[in-house]
Every structure is written in structure tokens, then in C-alpha cells.
Trainee: 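Have a look at this one.
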There are 2 protein chains.
Amino acid sequence: MTKTKQHVFSFGDGHAEGSAQMRAVLGGKGANLHEMTQLGIPVPPGFTISARLCKAYLAKHTLPASLRNEVTQAMARLEATSGRRFGDATSPLLVSVRSGAPVSMPGMMDTILNLGLNDVTARALGEQTNNHRFAYDCYRRLVHMYADVVFALKPEIGADPIETATERMMRARKVEREIDLEPDDLRELVTTIKSVVERQSGRAFPTDPWDQLWGAIEAVFRSWQTKRAIEYRRVHRIPDDLGTAVNVVAMVYGNMGEDSGTGVAFTRNPSTGKPELFGEFLTNAQGEDVVAGIRTPQPIGTMAVSCPQAYEQLRQTAQKLESHFLDMQDIEFTVECGQLYLLQTRSADRTAQATVRVVVDMVRESLITESDAVARVDPAQLDRLLHPTVDPEADLDVLSVGLPASPGAAVGQAVFDADTAVARGATGDPVVLVRRETNPNDFHGMVAAAAILTERGGMTSHAAVVARGMGKCCVVGAKEIHVDEASRKFLVNGREINEGDWITIDGSNGRVIAGKAPLITPDHGENFDQLMHWADKFRLLRVRANADTAEDALRALEFGAEGIGLCRTEHMFFQGDRIDTMREMIVASNLEGRRAALSKLLPMQRGDFAEIFRVMDGRPVTVRLLDPPLHEFLPHGDDEIAQLAKRIGAQFERLRNFVEVLTEVNPMLGHRGCRLGITYPEITEMQAEAIFEAACEVAASGVDVRPEIMIPLVAHNEEFLRQAALVREVAERVFAQRKRRVEYLLGTMIELPRAALTADKIAGTAEFFSFGTNDLTQTTFGFSRDDAGRFLPHYIESGILEDDPFQTIDRDGVGSLIQTAVKLGRETNPKLKIGICGEHGGDPRSIAFCHETGMNYVSCSPFRIPIARLAAAQATLHQRKT
Amino acid sequence: MTKTKQHVFSFGDGHAEGSAQMRAVLGGKGANLHEMTQLGIPVPPGFTISARLCKAYLAKHTLPASLRNEVTQAMARLEATSGRRFGDATSPLLVSVRSGAPVSMPGMMDTILNLGLNDVTARALGEQTNNHRFAYDCYRRLVHMYADVVFALKPEIGADPIETATERMMRARKVEREIDLEPDDLRELVTTIKSVVERQSGRAFPTDPWDQLWGAIEAVFRSWQTKRAIEYRRVHRIPDDLGTAVNVVAMVYGNMGEDSGTGVAFTRNPSTGKPELFGEFLTNAQGEDVVAGIRTPQPIGTMAVSCPQAYEQLRQTAQKLESHFLDMQDIEFTVECGQLYLLQTRSADRTAQATVRVVVDMVRESLITESDAVARVDPAQLDRLLHPTVDPEADLDVLSVGLPASPGAAVGQAVFDADTAVARGATGDPVVLVRRETNPNDFHGMVAAAAILTERGGMTSHAAVVARGMGKCCVVGAKEIHVDEASRKFLVNGREINEGDWITIDGSNGRVIAGKAPLITPDHGENFDQLMHWADKFRLLRVRANADTAEDALRALEFGAEGIGLCRTEHMFFQGDRIDTMREMIVASNLEGRRAALSKLLPMQRGDFAEIFRVMDGRPVTVRLLDPPLHEFLPHGDDEIAQLAKRIGAQFERLRNFVEVLTEVNPMLGHRGCRLGITYPEITEMQAEAIFEAACEVAASGVDVRPEIMIPLVAHNEEFLRQAALVREVAERVFAQRKRRVEYLLGTMIELPRAALTADKIAGTAEFFSFGTNDLTQTTFGFSRDDAGRFLPHYIESGILEDDPFQTIDRDGVGSLIQTAVKLGRETNPKLKIGICGEHGGDPRSIAFCHETGMNYVSCSPFRIPIARLAAAQATLHQRKT
């Protein structure tokens, strides 16, 4: 630190050395105090110590001498502005010392009020305000706060010695609150507390206000490193080296009579976004009275009666702040003897609904531009506008909290298997499917259920992925729950939930709630549509949906999908009794048997594709050929095998043996994807036939069909070449039969490192790439998403990984493979169409990456499409700026 | 083809237009005929048609006119040299037309002899040789061969109509062999055959010798594309576009009397390599008589009696050929009336033992240099010198053929579980462990067994990998075998092998043989050591061993290991009853429980490490920390669980639940590697303690200890940093306690794509990288080596993949990741030590890749060390050349 560099910045009386631009130095609170002062808004005078000193202080644990000089000078200016003197026996200046980081961390760091009080100044304050009780109460609070914050006296466990002493005094005087003690008792209490402090901490409460000040400044700096502050920064991704500034501000008091008071105001309604002054005010009180719950504040309108002038001034100030900061503000203020003082202003927290309304209104009010509006809304917030939520006001009987796997909330009767879900669901009562974990055999039950709950699995387990795809709320990995599928019940913390009992699943927060919790149905309304419309004007990325059925496709269109980026054909096989035909195909002992079963599946698939093509008229539909290992379709356990044997007329022993033989050690890396189509070309043939026949059929009725056929799990160009040749051959055959051609694209998933590394070769024939980032993440990290639950949460908590790579693309590893593939692919084929269809397609930070990488589109589950549209627009805006 | 380009090359009478250098044009056989002619060695005159024409002919199916001109001219020269005329009624010239590719493909393509015979010339030949029977037999053979080769008359199924006609004639004449027919009968037979040919093929046998010649030339070209030739090239990696040359050579006859004969000679003994003329000779015979089994050839020495001059000439020619070609030759020759003619010379096939002896002898004889010797031996051949083999002469009762997973052969009694293997093994009788497939629980049984046989699994299944590591012979994936572990037997093609029955396992060829087959124990001897010594002079790569025990380490040293590149600590936990202590650790419900069990494991590990360090005195020992998922250590099935519960005093239900909970969907991608050490740091701590305590202890006794500690399965630098910090902390603690420091290195496996892609970061702290190419291949391809058996063989057979990527490094994908990692790693840390410890470390082509990539060492199983030493030397020599 050189002396020439300024570290202390004064404000007051309409002049300020800092401004809102100096947030990095002054912290958010400090910068806004300076800015407000410059705007002529009444702010108590004070000064701010630079956040840049915080890091230096934490390294050396001593304040630089230059700082002491600067503070002394700033204090002299403050004395001049306030007309009071620090430590003065007649008109003492009292100050608050507050933290204020460059990024908001509400309540995370320390504050000390009433600094400057000692036996002499306390008496002076009592005389000046004609309120000795008030003065000694301030003094008592200072000593207590100082002991806690500076001496760290408050024990982690056991009784606070200061509180014990205070309670002893209150018992002796038979009063219930400190403020009810007589002034002399309060003075005596201060003395008692001071001796407790000295005894317990070995250090005396400093009587010299300057000593108090230095101690407080150091303590505020130190509070940057408290456990809770560090944890907060970790959760909110705030860099550790920002540090906090320190604001030293002259005290003002709202408890100086009926024309005084304190309050909090929002410039707009934070729940609805409605443009109205909203907040609370308490006459003749200090902020701490509200915090301590001694008195209850009144709606802000009451201030118009008690302090009409100050209210009017506040209203005008609120407007001034909004048009200056161009955002809805959250204001703390005090009225001292009719005079309004603003203590803080900052951008206000608000609900998702308010967020959208405020930006749309502000555009209409010409405060901000359309691009500002688009840039300001956090896409993650939109989720809350698209799904029902549990009423935040309701009293809830929370049974357990698991992982919030798919957002929204739903009420239903617990059921424990898929068939029961379908049967009960058919009666009209909503059901919640509860399983230890799900597998593809549960698919029809998941379709029938209103919500899904599993005991095991992580955010990317089967249940989570499928539920998100369906936009169905889901909680997974609720470990406290013990599901007993045989007895049709689950146990949780000593309680038992039986089949048919009502439960509520809160997929946004992971809560499992007993009974029917009240839900709030969102109405995203016009403002939302307006915002989306603006977003669409800016974004370059196309947004497609992952949709497996015509129903999904319809929903996707409602949310604004511009095509289907992933239609998983395997889900079609789980519907109704198709699964048995599929199983017949799998267990057939020869090619003819397989062909016979496939010929039964063909018309079903053709029908499905035709419906989807019709719905998506004029938009691309990417169909992925069969992907999962065949054993996923087979029954588990002797009972199910025996039933199937009866249904399809197979021998039980043979069937069981078949199931056993097909079982894999690592199914994720097994016989699946195009490996199926290569070893059983007849499967690819049937699927291609179904696609092209459906396409020709639908095209014949005037629909604009744009199929894009996608070969999954390609590791080597030769795999792609052979499957592609087969598909083209089938296409020509069908076109010849139907006497009609349909334009189509043929491409591949890039979901294995080897495919990315050899993308130049694959792009020689492939017309599009679609990154399957789920599998690419699994293979690049060597993490099985089904098993990562045993270490991944620990990795994220302990900071080994900053993010869950299954939620947000890992730029260094997976991202670098994607960039390599895009580069190599476009070098071979500059026209290559590139998209993403993994879960990451609906994650805003991953979408930003896709934009930067130069992809053409993202594809995500229908419910995430608005999020993707917004995130894509923001990515464009962000790039324009940088 | 321009006319200026020569396509036909004549030789004869000491002059030749071609030479040995022109192999690509003349083919191997042709080039050597030209070369021998130039050397003055007696070769019948002839000419060679360029292999370059083969491809052009196959594309157009017509011979260029220019070729006809050239052949006509060459034939005129041949007539002049031989003094006979093609188609002449008095002194007819007869020729053979033989294929000869640039790369040897013995017996793969077609040959026609005696070309030029028709009714007129046959009579002339009979008169000239005074042997009409011989002349008509030649004629008969020509027609038969011509029909087969040119007309492709021989049916794939059913009777050959020519043979049927021939047999009818023999039955009528009551003779057993064609040659026993009277000359007139033979002539009649020729007429019959010709009409059969015409009737069956619709084409008449051409009477014009020129027509015969053109037909034969085209047929030889076409034979490049026969199924067997294509298959042979695929197996031997011969490019498809080489094509074959055609050799047209004047016929000579060894059946012209007692001073005539035919033979095959090797310039050295092909079994032992001993420098002696070795081969067979048959007086007064043609080569076909030997092939047809009509007469049995005699040892070559007999020729010294029957044709002493020719024998002496042969002996001298053999020496001449060797000193000219600088390699052991395989010679075909004919003696016609005392005159020696060489028909072919080529490098001789030989046994592994002979290979080594020949090159070493040739260096001693100053024929070749040490580097020639090293470059010439195929490293794959060495395997046969290091393991016992089944006597190739023995009559075997082969039950089935599976995959040759680990070379060598062994005889033993079949047993069906690991415990029985140990129990029976202890009685001294060798046993063969037969399982459906193995898992780590079978480890002690595998140690006790002489050989391992499994019904399932591929070349990189657990059984295969472990067996290769132990140098134990093993056959896996013997699908015809049905193992019934419960009944302690296996069924194979209707036969039953029970526990205790003797079987023989041939791991080099995949054979499962009933009973005790006779084995040959190799003696690699001095020549081998000499060759290895030369190899060591050339190679730059160091060669280390994968060795888990002191016993392995000793064996590795014997084979020339320069260190241990991979010591897998987990194998230590499977020994004796340690497994139970390990299990106690795993099922402990808290940290204390785990620590208690670990403290019991500590002295065992310390002891193991101390032994290994002592053995490896002065050489590096790379210890990999615990890698496999914990469930691999747990028992399977209720019975085993109950037994364990009793032994370690745990509750059965709890234990079973634990086993179930630890089960993973994709264990390969699950909770293993450093993920264990991160979630249970106490395991890493115990292992580090054991290593450093052992190191200090052994160093105290004067041993030079060089531990290198390896963190497995790192995906992210942060994982490495944390584990490295923990290891260093333990090291300092142990050094302080023992008052002794030991130098050590700390590095990581690079076995996940993400580690390779972020190697620059990891190299910031890591002191070495060791590529775990097994896992890197699994994740890069997305292939589970345990499950790939269902598609990988098909991939290789059908040419989707050229090689099994688990055997030979896939350069395009896995290789590019390795190159990236080496580049990034060395950029950060130029001193970074880099090696490989996957299975590929013992594969010659992969070793060449490691050399090119600039690695410091390869590590492989002890038995593959000689192979690696040789391959590493060859890689250096190859690089020097290019």
C-alpha cells in the first residue's frame, strides 16, 4: 500500500468522494451511500474504508499506519459535517460501523452500532436527547455487540455470560425486557456487563471511542472470514478475494418521538411487481426494535399519517432512486424528528412473477430497454412460473427432504408399483409413484403418476431424467425414507406411509410432505409472453425440445420449441403391451424370430412417428435410433419372467437364462446404441422403415416433414458409415415403393470422447452432430451418473468440483472435447448442423457455452424451453457486450 | 497404362530384367527368380508379369493389348533360351503359370502346371521323354487344373464331375491310382474329362496353347480376390491393393529317371536353427507326387547318394543364397537328369527357438549386424520361448477352443471354485480352475491353480487380465462349455468333465484338451539372453514390470525389469484371511471402526512393501493406492454373507443390506480409485503410512529404496492435489518419527479422458504420469471390457475396427488423448516422467507408439518383459531409419 493511494472516502452534506461505480472499492452499501449523497438524497454523513484493504489486513492482521491517518482526517470531516465531536462530553458523535462487500451478502458479516459511547458520552447523549434510558440502553447494546463482535465472547455452546448477567438483573428488578429497566439500573447493568466482559475475555471494553473504532474496523474486516461468510460465498460463487469495505456512518435515531420512526420500503411490490411503494414503518422506534420483535411495524401507508412530509419525500426519493439505478430498490430509512435519512438502498429481491412484471413495466416506462429486460431476468427463476408450487404460507408436515430432481409440486396417493399407478390413476385420483429407484420398466407408471419419489439415486438418475423430460415433479435420493415395496408402504423417521395415503411432493425444494399441502398454480401471463418475445428477437441459438410423443411435441410447441432435437424411440416401446412384442424380439433365437417381432412393432412406430411429424409440421424432428441395452426391456425376477413366459409362450428356463446372459457388468458401456444396430441390422432397418413410411404418408397429406435421423453412441466413423448406408438404403427402398421422396438429414450423437476426437472423420458423411452431454460427461469423467451419488455430492460440497458436471457443462474437460469436435467437424464440413440434446441443453450456463462454441441449437425438455430461450438471448447479449 | 511402361520381365540363361529389389512389381517369388538368375544360380527360364497389372485387370476384367505384345515377345525369348517351342509338335515348350504376391501368401492363390499340352504336344512329350504314360498324366492334370482354376468348375458342394469320371475309369480298369492306368487309358480319360468340362462349364478346354496361357494369366490375377485370399490378407494385415504378379516358367521334370528328383531344403534347421542343410528329397518324382501322398520323401542326405553332384551344387547354392539374402532360406528345387534347377527361394518360416538362434548365429558369422538381429525377431514369437507349449506332434482330444487369453500350457485336475483350488492345490496335484467367469473373490484360487478356464468373458475380462499378470495360462470365453458350478462339472458338446478329471489348457491357442496332453518345456537359453542384451543396447524406453508381490518382483527381475511400474495394492488384500479384515473395514459404520480395521491391515501392507522394496533395491517401485470399488471385496450371495457375518461378528441382515447398498450399476465408473481415498482419507493415510514406514525400515538396512506413489483414477486436478497433500503430510510425519528421509515421487494415473485433457493442470504438482490405457480405452470408446464380448469380436471380424483396442492402442482416439496429455504435461513440467502401465505396455505395436510419443518407460506383466525390451529396441531402430 503506498500512501498516495486513497483508502478512505468521505460522504455527507451533498458531497461524496465515491460513487455507485466504485462498488469494487466501496462495497455495494458504501457505493450507494456515496451515490445517494451525490444525488442530494438525505443520507447521514460518514466515510467508507476500501474493501481492498480487507485482504491486506487479513494477511497481516494489522491496519496500515496510512489508514489511521486517513481515518483521522475523515473523522474530522465527519465531525464538521455533523456538528458533533467523537467522544465529546456535550454533543458526542456516535457512529455505526458496518460491513459492505462488493457483492451483496445480507446478514453474513458484522455490524456495530452506537460506537463512541462511554460513561461520559452516554450521560451527554441522555441529556441531549432528554432520554437517559435510551442512552444507557444504547450503551448496553454497544458493549454487548462489541464483546460479541470484537472480542468474540459469545460461546458457541452454553450460556452467553452477558445474557446471564442481564437476566439476573431483570429477575431482580422483576421486568421482562431490558428497556423496561430504570435508567440507573441500565447504567448499573452496563457496569456489570463490562466487568463480565473483562473477566471472560481478559480484555476491557475500551472507553476511548478511538480504540472502539479501531477494534470495530478490524472486526468487520475479520468477519469476511467467518465460517458462515465463507460458506455463503461458496454457495453463491462469490470470489474469496473481494473483501468487505467498512462504512462508518453518523448515527441517526428513529426513536426521538412521534415524528420519528424507522422503516423499510420497496419501490415496487416484491411479490407481484405492481408499481407501488410497498413496505413497513414503525413510529418512534429503532430498527433493532423491529428485529427484536418488541413492536410490530405497520404498512408503509401509516407513515403518510404520522410523518406526512417525510412520507412524501420518501415517495419522491423512491422514484428518483429507481430512475437513477434503473431497478426496483429495497430501501432502509429512518425519520429523526421529521427528517428523512436513507441508510441503505439496493436492488430488491423479488418473486419470479414480480421479476418479470418489473422488467416489462420498466421497458414500458422507458426506464430500460428490451435487451436490458432480457438480460436482467435469471432464467432459473422462470421455473417457478411454469410449475405449481407449495404455498409458502402453509403449515407443512415435512416428512423428509431429498434431492429436488424435477421442479413443481403435486399431491397424490402413494403407490408402490407402476401397474398400480396406472390402475389407480385411471380412477381419476392423482397418485405419487414411490420406488426405491426406477428403471425403464416403471415408465408407464411414471406417465400415470402426478409425481415421483425415490429413495435412491441422484439428480441424474433414471427417475430424475425421465421426470424432468416429462415436466413431472420428482424428488429422488430421499435417503431417510425406507421403501418397502413388498408391503406397499414406506417408513420415514418412525412414521409409516401406506398405499393410498395422501402425500405432497415438492420437486423444487426436495420436500416430501404428509397429506395434501395447498398448492399455488402459476399464471405466467402476458408479461411472461412479452419477455419471451423479446428474448426471441435477440437469440441466435435455435431452441428445440426433447420429446418422445405427439403429446410432448404439442406441449413443446406451446412453450415455443422450434423443432424436436431428440425423440427417443425406445420410450415408444414401453407403452401398453408393446413391451411384450419388444421382448419377443429380444428373446428370439434367430433372425426370422426377430424379424417377425419387428414386423409387429413396425406399424406401431410408424403410427407414432406420423403423429409427431404431423404436430411438428414444418419443423425438424430428430429421431434417435434405439439406444438402451436390450436387457433394460426384459423383466426382472423369477415372477416377472414367469409371467412373460406365459404371455409370449416361451419356456421359463430359457427365458431366465436369456435374461441372465444379457445382464451386463457396466451396462452404460455395454451392448447399446449403434452397437445394437450393427449386430442386429434388422432393428435399424425396421426403425428406418417406420420413419420413412410415416414421413411419406404424412407428406402425402400436405404436411412439411423434416426428419433428421440420428445414430447413437458412435465411437468410430466406421460404425456411422455402416449404419448410415443401411438407413439410406431403406430410405431409397421406401421412396421407390411410395413413389415420393422426403428430404432428410442423417447425423450422429457425439457422446463418447472418441467420437469427439475423430469428429473430422465422422463429419465426412454425417450431416449433423448432436452432443449427448450426459454420456459424454459420464465417459470423460469416468463417472456413472447412477453411482456418482456416493461421492459426487461430497466433491461439490468440499469444492473439488465447482459444479455438478451433470447439470452444468464442465468447460475444461467435456467442454474442450466439444470444442474439438465442433472445430474438427466444421473443418471437414462447414455446413455441419450442430446441437446439443443432453440435460445441459436446458441449463443457462451450459447454453451460454453452446452459444460461444457456435452451435446451431440446443434441445431440452419442453418445460425448460422458456429458460433456454431466455438463456440463449442472454448469451447473445453478453457476447455483444464483450 | 502407357506402352512405354514395361509390364513383362524376362529371366533365364544368367540374365534377368528384374531383381530382388523389384518385389512390389514382380512379387516375392518372381523377384527372387530374377535375382537367382542374375547370381548365376540355375533357374529354369521364364518371365514375370507385373503385379501392378493385377489391380487394373480386376477393375476391367480384360488384359491390355500392350500386355499381349509384351508376353508374345517374352515367350519368343523363352523359346530361344529353352530351345523348345510353345505348341511345337516335336519339341514342345511347357510352362507353369504361378501367382506370386509382393508379400508371401503361401497356398492362397492359384497355379497351373504343364501349360502348352494338347493332343499334339502330349504325344510329342511322350515321345521326347519316351514316357507316354507320364505325358498323358501331365495332360490329364492340366485339363483338371485348368477346369478348376480357369473355369471354376469344381462345385462347392457335391461331387466333382471330373473326379467322378476319373473314378469311373479306374473302377472299369480296376486300378487304384490314375498313374497306374495304361497310357491309352489315360489318353481316353483326357478325352472324357474334356467333354465333361465342356458339358458342365459350357466352354471347351482350349487346344491352342496361347489360349491356355491367356486364360491362365487371367485366372491367376482373379485368384487375388478369392474368399480365402481376402481372409488371409485381413488376418495378416496385407493391403488389398498390392495384387499378385504372374510367373510363367519353363517346366522341368524330376521324374526323368534315377538321376532326377524333387525336393525342399532349408538352409538351417527350421526347428532348432542349427546351421545345417535340412529338408527332403524324392528321387525320380515330381512335387505333385509328394503333395498327392503317392510317395514319401526321404531326408535330404539321401540326395548325396542318388545325385551327388546336384547335392553338392545345392549345398553351395544354399550358402550363396544365405550370404546374398542374409536370411535363412526355404528352397524348392528339381533335379532333371542330374541338372539342378531352383524353382523358388524365400525366407524360411521357423520356430521361435530357431528364429533366435539363427539371428544370433548370423551375427557371429558376420552375416548381419546386432541391430539387424534385433530388428528381425517378431516380439510376439518370444512368448513361445517363455511358456510351456503343447507338443505339436501329440494326438489331442480337443474338447473346445476358446480365446487364448494368456499364453502357455498346463495340465491339471478340474476344480470349480477357488477354495477347492487352494485345498487340492495344497496336496501337490496341479489344478485347473474352471469358472463361468471370475471376479476378485476368486483371486486366491487363481493363485493356487496351474491354469484358468472360463466359459464367458473376453481377452480383457478379469480372468484374462489377472492370468496374464501372473503369467499363468488361461482360456476364456469357451462358449461351447457349460459350467455347472453347483454340480462341480462342465458339459461340452455332450461330454461331461467332473471335478478331479484331468484336462489340459493351451492358453497360446485357446484349446481345452481332455486328459494330460504332453507338454514341451522351453529353454530359452544363451542365444535368447544374447539377443536381449543387444536389444537393451538400442532401446531408449525403460521397461518395468507390473508386480504386486515380492515373488512377482523377483520373477520380473529375472526377465530384466528395471523397476516396478505398477504395484496394485488391492491384490495384497485378497491374500489369506486379510480379506476379512478388509471387509471389516468396509462394513464399519463409522470412522473409528474403519480406523481399527485399517490399523490391522497396516502391518500387513508394510511387510509386503518392505519385501518388495528389498527385492527391487536401487530400482523404482510404483505403488498404486487402492483402486477397485469396495464391493469387489465383499462376499456374494446369502451363504457367503452369513459365513462372513459369523467370522467378523456382524449381523447378517445389516451385512446383507450393506452389500446391497454398495452394489453399483456401472462399477467401472463408480466409487473407486482416488474417489475412495477422498471420501475415506483414512484409507489413503494407512496406505501411505505403510509405504513410508516400510521404506524407512528397509532404507535403514542399507537398501536403496525408490518409492513412487501413484494416485489412481484422477479426473480433476483438485482430486490429485488433495490426495497428494495427504500423502506428503503422512510422509513428513513418518520421516519425523523414524528420523530418516526417503526420496519419493508422487504422481498419478492418466486413465480418464478428462485427466488427459487437463494434464497441464495436473502436471503442476504431479511428478509422473502413468497411462492406464485399459481404463482410458474403456472410457474413450465407451466400451466396458467385461461386456464388449457381445459386439467387439463382430467389430473386428467385420473390419469396423482393425484391431482390438484393448490389445493394441487405438492411435486415432486413445492415442490422441495420450499425445495431448504428454504435450500438455511436459509443457507445464518438462521433467515429468511418463510411462504406461496398462495391458498395452506389453504389446509391440503399442510399445512403438509409446516410444514415438516420447514416454520414459513401459510397464507390463513379468512374462512380457522380454517382448517389451525387444519391441522397444525395434521402435528405436525403426525411428533411426525413418
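Note on naming: letters A, B, ... go to the chains in the order of the sequence lines (proteins, then strands), and numbering restarts at 1 for each one. Computed from heavy atoms alone, side chains included, the values below leave out hydrogens, waters and symmetry copies.
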Trainee: Count the heavy-atom pairs under 4.5 Å between each of B:Gly673, B:Gly670, B:Pro629 and chain A, then report the option with the highest count.
Mentor: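 If we count pairs closer than 4.5 Å to chain A, B:Gly670 comes out on top.
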
Trainee: My understanding is that only residues two or more places apart in sequence, or in another chain, count here; which of them pass ring pair (Phe, Tyr, Trp, His ring centres under 6.0 Å) with A:Phe781?
Mentor: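 Testing A:Phe781 for ring pair (Phe, Tyr, Trp, His ring centres under 6.0 Å), a comparison that skips the adjacent residues, returns A:Phe783.
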
Trainee: Most heavy-atom pairs under 4.5 angstrom with chain A, which of B:Ala715, B:Ala788, B:Gly813, B:Gly782?
Mentor: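 Greatest number of close heavy-atom pairs with chain A: B:Gly782.
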
Trainee: Show me the donor-acceptor pairs under 3.5 Å between chain B and chain A.
Mentor:
from: B:Arg436; atom 1: NH1; to: A:Glu660; atom 2: OE2; distance (Å): 3.4
from: B:Val665; atom 1: N; to: A:Asp787; atom 2: OD1; distance (Å): 2.8
from: B:Val665; atom 1: N; to: A:Asp787; atom 2: OD2; distance (Å): 3.4
from: B:Asn666; atom 1: N; to: A:Asp787; atom 2: OD2; distance (Å): 2.8
from: B:Asn666; atom 1: OD1; to: A:Met668; atom 2: N; distance (Å): 2.9
from: B:Asn666; atom 1: ND2; to: A:Ser784; atom 2: OG; distance (Å): 3.2
from: B:Met668; atom 1: N; to: A:Asn666; atom 2: OD1; distance (Å): 2.9
from: B:Leu669; atom 1: O; to: A:Ser784; atom 2: N; distance (Å): 2.7
from: B:His671; atom 1: ND1; to: A:Arg790; atom 2: NH2; distance (Å): 3.3
from: B:Arg675; atom 1: NH1; to: A:Gly782; atom 2: O; distance (Å): 2.8
from: B:Arg675; atom 1: NH2; to: A:Phe781; atom 2: O; distance (Å): 3.0
from: B:Arg675; atom 1: NH2; to: A:Gly782; atom 2: O; distance (Å): 2.9
from: B:Glu719; atom 1: OE2; to: A:Tyr795; atom 2: OH; distance (Å): 2.5
from: B:Arg722; atom 1: NH1; to: A:Ser798; atom 2: O; distance (Å): 2.8
from: B:Arg722; atom 1: NH2; to: A:Ser798; atom 2: O; distance (Å): 3.0
from: B:Arg754; atom 1: N; to: A:Thr780; atom 2: O; distance (Å): 2.9
from: B:Arg754; atom 1: NE; to: A:Asp810; atom 2: OD1; distance (Å): 3.3
from: B:Arg754; atom 1: NE; to: A:Asp810; atom 2: OD2; distance (Å): 2.7
from: B:Arg754; atom 1: NH2; to: A:Asp810; atom 2: OD1; distance (Å): 2.7
from: B:Lys761; atom 1: NZ; to: A:Asp812; atom 2: OD2; distance (Å): 3.3
from: B:Thr780; atom 1: O; to: A:Arg754; atom 2: N; distance (Å): 2.9
from: B:Phe781; atom 1: O; to: A:Arg675; atom 2: NH2; distance (Å): 3.0
from: B:Gly782; atom 1: O; to: A:Arg675; atom 2: NH1; distance (Å): 2.8
from: B:Gly782; atom 1: O; to: A:Arg675; atom 2: NH2; distance (Å): 2.9
from: B:Ser784; atom 1: N; to: A:Leu669; atom 2: O; distance (Å): 2.7
from: B:Ser784; atom 1: OG; to: A:Asn666; atom 2: ND2; distance (Å): 3.2
from: B:Asp787; atom 1: OD1; to: A:Val665; atom 2: N; distance (Å): 2.8
from: B:Asp787; atom 1: OD2; to: A:Val665; atom 2: N; distance (Å): 3.3
from: B:Asp787; atom 1: OD2; to: A:Asn666; atom 2: N; distance (Å): 2.8
from: B:Arg790; atom 1: NH2; to: A:His671; atom 2: ND1; distance (Å): 3.3
from: B:Tyr795; atom 1: OH; to: A:Glu719; atom 2: OE2; distance (Å): 2.5
from: B:Ser798; atom 1: O; to: A:Arg722; atom 2: NH1; distance (Å): 2.8
from: B:Ser798; atom 1: O; to: A:Arg722; atom 2: NH2; distance (Å): 3.0
from: B:Asp810; atom 1: OD1; to: A:Arg754; atom 2: NE; distance (Å): 3.3
from: B:Asp810; atom 1: OD1; to: A:Arg754; atom 2: NH2; distance (Å): 2.7
from: B:Asp810; atom 1: OD2; to: A:Arg754; atom 2: NE; distance (Å): 2.8
from: B:Asp812; atom 1: OD2; to: A:Lys761; atom 2: NZ; distance (Å): 3.2

Trainee: Mind listing the closest non-hydrogen atom pair of A:Pro667 and B:Val665 along with its distance?
Mentor: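 Nearest pair, atom of A:Pro667 first, then B:Val665: CD-O, 3.2 Å.
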
Trainee: Need one label for B:Leu662: side chain, backbone, both or neither, based on atoms under 4.5 Å from any heavy atom in chain A.
Mentor: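 Contact with chain A is through both the backbone and side chain of B:Leu662.
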
